[in-house]
Protein chains: 2
Amino acid sequence: MSLVDESQSDRVRDALTAAHLYYMQDLTMDAIAHELHTSRSSVSRLLSHARATGLVDIQIRSPLDAPSRLELLIQERFHITAHVVPVPDHATDVDRLERVALSVARILGQFFDSNMVMGIAWGSTMNAISRHVTPKQTHGSQIIQLNGAGNMRTTGLSYASEILGRFGYAFGAHVHQFPVPAFFDSPATKQALWRERSVSRLLEMQARMDVALFGLGSPFSEVPSHVYAGGYLEEPDYASLSRSGVVGDVATIFYRADGSTDGIPLNTRGTGPDFDVLRRTPRRLCVVSGAAKLPSLRGALKAELITDLFVDESTARALVASA
Amino acid sequence: MSLVDESQSDRVRDALTAAHLYYMQDLTMDAIAHELHTSRSSVSRLLSHARATGLVDIQIRSPLDAPSRLELLIQERFHITAHVVPVPDHATDVDRLERVALSVARILGQFFDSNMVMGIAWGSTMNAISRHVTPKQTHGSQIIQLNGAGNMRTTGLSYASEILGRFGYAFGAHVHQFPVPAFFDSPATKQALWRERSVSRLLEMQARMDVALFGLGSPFSEVPSHVYAGGYLEEPDYASLSRSGVVGDVATIFYRADGSTDGIPLNTRGTGPDFDVLRRTPRRLCVVSGAAKLPSLRGALKAELITDLFVDESTARALVASA
DNA sequence: AAGCCGGGTGAACAAACGTGCAAGGAGGGG
DNA sequence: CCCCTCCTTGCACGTTTGTTCACCCGGCTT
């Protein structure tokens, strides 16, 4: 282990030197290879490594007078910070998701630091982000799962824990899983379990998280979110959602177009944090891609669930275009 | 002007988009050119522009457990933060200076922010840095010249103001020049002028600066600094310095190997800030390259003039090697 | 001890990139 | 109105960079 450690740290040291020479002194990889007594290819790999592990941190800082027109409009209209991801109009929804996720993954480190608690939902958006998130070493930080992931067929643990694990690994954070189904069959079971100390400990932690990161579910769009495709809900559930006028969910809690949640039966069985809890979280990062989620997004904005919105360009345009 | 402004801001906007697509989404320049309806070459230029103007900010962050061994040693021995710039041992002194300067220019933005006052000396080191400093927009910030620049032949204003001007431009800071000679002929003139309100206003500003940036002068090394080559001093002055046991200067104030300054005649005629003033400045960035400055560096460390040291690798090695 | 296995290396190739150059276009002055 | 100038553009070229592949070397198994 000591040998491994040593060679690891040698590698890091070399990567740092190479990064310094490349990004601070503008040497070519060739020149660096020469100074480091190795081959140019190795330097290329060293630099890739440096970027991938967050040794090199590339940020884009708009001079504050020139954020995109769209970001300004959204800020004025909804009083949130918008990060519009440029994506060509003809891109497919899969592309959109992937590109927004990549951008978020790169920028996430700016929102998370040592000794913070970050709550994370799961789903295709979070999955995509998790696969790209660039590491940033922190200490004493915690990552906590926002809602259960089990369904009738599996405990969902492996899927959710893979996602959470990648975030935890990237930030050197302690990961707290939430080993319950996404939806309980009976509200009583939920209430019972919520009184269990192991669970209430998690809920308390959720109540004092610093950052929440989530996507939006949109039950009635053509591209249903993970929750809706994964066998978590059954026919009568959908009928009930439809009757209640639901337009979306955040971490298994549903809401209407006006942002209200009162009297939606399924919410007594969902496992995500109550919106009152969520709204007390200082920074609430919401990632949305694709126009299909527009109604869900409007509802979430009405419900004031979002402080920072990450959205692809054309969806952003659609958002401000309509009243 | 409005047309110029508009096209400027268009350019910035395009540069931001391109940077986002390139650095956050890992598209190739070709792909970006396509999305922006322009040619690949223009995208290349756009990205260069984005980097050069600080829209894209590249930082290197050592995981705090692995700063170079040298930086650690220096920190332990002298209680300052060291930034060791990797430079191959066989590099010439000119190379050394240039590469250290480049590194400092890139990192300087991390030390300077809005509403700050930065004092800047001048000389070949500062000149080299000024030619590379990457912009960072700030507001309400001030840059102030630490010491006069005139000599028997010229007022020195153009040289010093060029340097100061580049810093000021890069940070959007107000520049305050110090229109006096580097050394007065007579101490009485200095004292008289020091009582002038226009000058004392500058001195007061120096007294509350947040950052000072300076190199070291080394009067008796083979590669004399600008002050010594530029006709600022005359033969009797050198003799006097030699008699006093001077090993270096910071902004025209001389010191001995033990860091003391008392009773050095020339200091009554120099125009830089008193070391007591300097030592009250929260951050004092010193840039040194080349082993020839080692004695000066040791003296400056003894005098506790430095909080952050930027130095090339082999000079750093030499510094810790000797007791 | 021989043999496999995984990770890392440099050579060679292909892709991506930067830059000198000539052409085109907008703005300003005659 | 024309011309001159300066700035920007895209092309073409040479350079720089990423990636594939065969190879080597240390560690572990049989």
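Note that these values count all heavy atoms, side chains included, but never hydrogens, waters or copies made by symmetry. Keep in mind it's a predicted model, so treat the numbers as computed, not measured. Letters A, B, ... mirror the listed sequences (proteins, then strands); counts begin at 1.
Remark: A:Arg45 pairs with no residue by the side-chain hydrogen bond (donor to acceptor under 3.5 Å, both in side chains) rule, at least two apart or across chains. Take A:Phe214 and apply the ring-ring contact (aromatic ring centres under 6.0 Å, His included) test, not counting sequence neighbours, and it matches no residue. With sequence neighbours excluded, the residues that form a side-chain contact (heavy atoms from CB on, under 4.5 Å) with A:Ser48 are A:Arg51. For A:Thr134, the side-chain contact (heavy atoms from CB on, under 4.5 Å) partners are A:Arg106, not counting sequence neighbours. Applying the side-chain contact (heavy atoms from CB on, under 4.5 Å) criterion to B:Ala31, with sequence neighbours excluded, gives B:Leu27, B:Thr28. Every residue two or more places apart in sequence or in another chain that forms a ring-ring contact (aromatic ring centres under 6.0 Å, His included) with A:His174 is listed here: A:His176.
One atom, CG of B:Leu36, and another, C1' of D:dT9, lie 14 Å apart when rounded to the nearest Å. The distance from atom OH of B:Tyr22 to atom C1' of C:dG18 is 11 Å, rounded to the nearest whole Å. Rounded to whole Å, atom C1' of D:dT16 lies 16 Å from atom CG of A:Leu21.
Residues of residues 23-31 of chain A having a heavy atom closer than 4.0 Å to DNA chain C: none are found.
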Might you list the N or O atoms of the protein lying below 3.5 Å from N or O atoms in nucleotides 11-13 of chain D, with each pair's distance?
| residue | atom | partner | partner atom | Å |
| --- | --- | --- | --- | --- |
| D:dC11 | N4 | B:Ser41 | OG | 3.4 |

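Applying the salt bridge (Lys or Arg N to Asp or Glu O under 4.0 Å) test to pairs two or more places apart or on separate chains, those with a residue in residues 27-36 of chain A are A:Glu35-B:Arg99.
Contact check on A:Asp57 versus A:Lys136 returns no salt bridge, with no Lys/Arg side-chain nitrogen under 4.0 Å from an Asp/Glu carboxylate oxygen.
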